[in-house]
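As a basis for the values below, the full set of heavy atoms in this structure was taken, side chains included, without hydrogen atoms, waters or symmetry mates. Owing to the predicted nature of the structure, the values given are computational and were not obtained by experimental measurement. Residue numbers start from 1 in every chain, and the chains themselves are labelled A, B, ... in the order their sequence lines are given, proteins ahead of strands.
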Amino acid sequence: DAKTTQPPSMDCAEGRAANLPCNHSTISGNEYVYWYRQIHSQGPQYIIHGLKNNETNEMASLIITEDRKSSTLILPHATLRDTAVYYCIVKPGGYQKVTFGTGTKLQVIP
Amino acid sequence: DTEVTQTPKHLVMGMTNKKSLKCEQHMGHRAMYWYKQKAKKPPELMFVYSYEKLSINESVPSRFSPECPNSSLLNLHLHALQPEDSALYLCASSQEPVYTGELFFGEGSRLTVL
């Protein structure tokens, strides 16, 4: 699996956009970028995934650079409930294993 | 129903005990997973079941014994555990084993080994 690099922690003011970066410079052509988050003492929750194109759903937007070596997860209007550890994962489409890295601890500040 | 249900939520056991963790999903998913998560660490994959057959074992010690009795149910049998096995055990499922979609996680079973 391609390795990912994320900042260990970030702060974001409530109501502002949270932009979480992820570097995956060794990503292969058939590998997808996934984002999960884990709120304290809960199971991880899927947020979004993409291959090449930018993606948006009701939770977030995923921006993937043209060379696919990095991506950004955007939470458009962060709330206190968005405080969590956010994991960026790269995985081939036809592969069973989902391997979590160390993630970014996002703290949303009132 | 989009839930993965894990029981018990908390378990305390001695090193000589035998206990089991249970995971259930009714989404018709054909792949189920066990992860282990130590405090302040990311989840680590332990086992993957595909169509009720064990497809991945990440070199987990034999004191952890998984079982998939049917497509909705996944058990993790625990025997002769060590205090360092204390952790949050997470179950997950996905629609198909080889799939580009999401994993659905349960809330976890928090295990303490005395």
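- For the 3.5 Å distance criterion, the side chains of A/Tyr86 and A/Arg37 qualify, holding a donor opposite an acceptor.
- In this model, no donor atom of one side chain and acceptor atom of the other lie less than 3.5 Å apart for B/His79 and B/Ser65.
- Although no hydrogens or angles enter the test, the distance criterion places no donor-acceptor pair under 3.5 Å between the side chain of A/Arg68 and the main chain of A/Val33.
- The closest side-chain donor-acceptor pair between A/Thr4 and A/His24, if any, does not fall under 3.5 angstrom.
- Contact check for B/Leu81 versus B/Leu111: side-chain heavy atoms found under the 4.5 Å cut-off.
- Using cut-offs of 30° and 60° on the angle between ring planes, the pair A/Tyr87 and A/Phe100 is perpendicular.
- B/Leu103 touches chain A through backbone and side chain together, each having a heavy atom under 4.5 Å away.
- Each of B/Val4, B/Thr5, B/Leu73 was evaluated against B/Gln25; a single residue qualifies, B/Val4, per the side chain to side chain contact (heavy atoms under 4.5 Å, CB included) test.
- With a 4.5 angstrom heavy-atom cutoff, B/Glu58 touches chain A only via side-chain atoms.
- For the set B/Ser55, B/Cys91, B/Gly108, the count of heavy-atom pairs under 4.5 angstrom toward chain A peaks at B/Ser55.
- Interatomic distance, B/Ser72 OG to B/Glu52 CD, rounded to the nearest 0.5 Å: 8.5 Å.
- Taking the centre of each ring, B/Tyr35 and B/Phe105 come in below the 6.0 Å mark.
- For a heavy-atom cut-off of 4.5 Å, chain B lies close to A/His49 in residues 48-61 of chain A.
- If you measure heavy-atom distances from B/Gln6 to chain A, you find no contacts under 4.5 Å at all.
- Only the backbone of B/Lys41 comes within less than 4.5 Å of a heavy atom in chain A; its side chain stays farther off.
- Residue-level contacts of residues 101-110 of chain A with chain B, in order of numbering, are A/Gly101, A/Thr102; threshold 4.5 Å between heavy atoms.
- Side chains of A/Tyr36 and A/Ile47 form no contact here, defined as non-hydrogen atoms less than 4.5 Å apart.
- No side-chain heavy atom of B/Glu24 sits under 4.5 Å from any side-chain heavy atom of B/Thr7.
- The closest side-chain heavy-atom distance from A/Gln38 to B/Pro42 is not below 4.5 Å.
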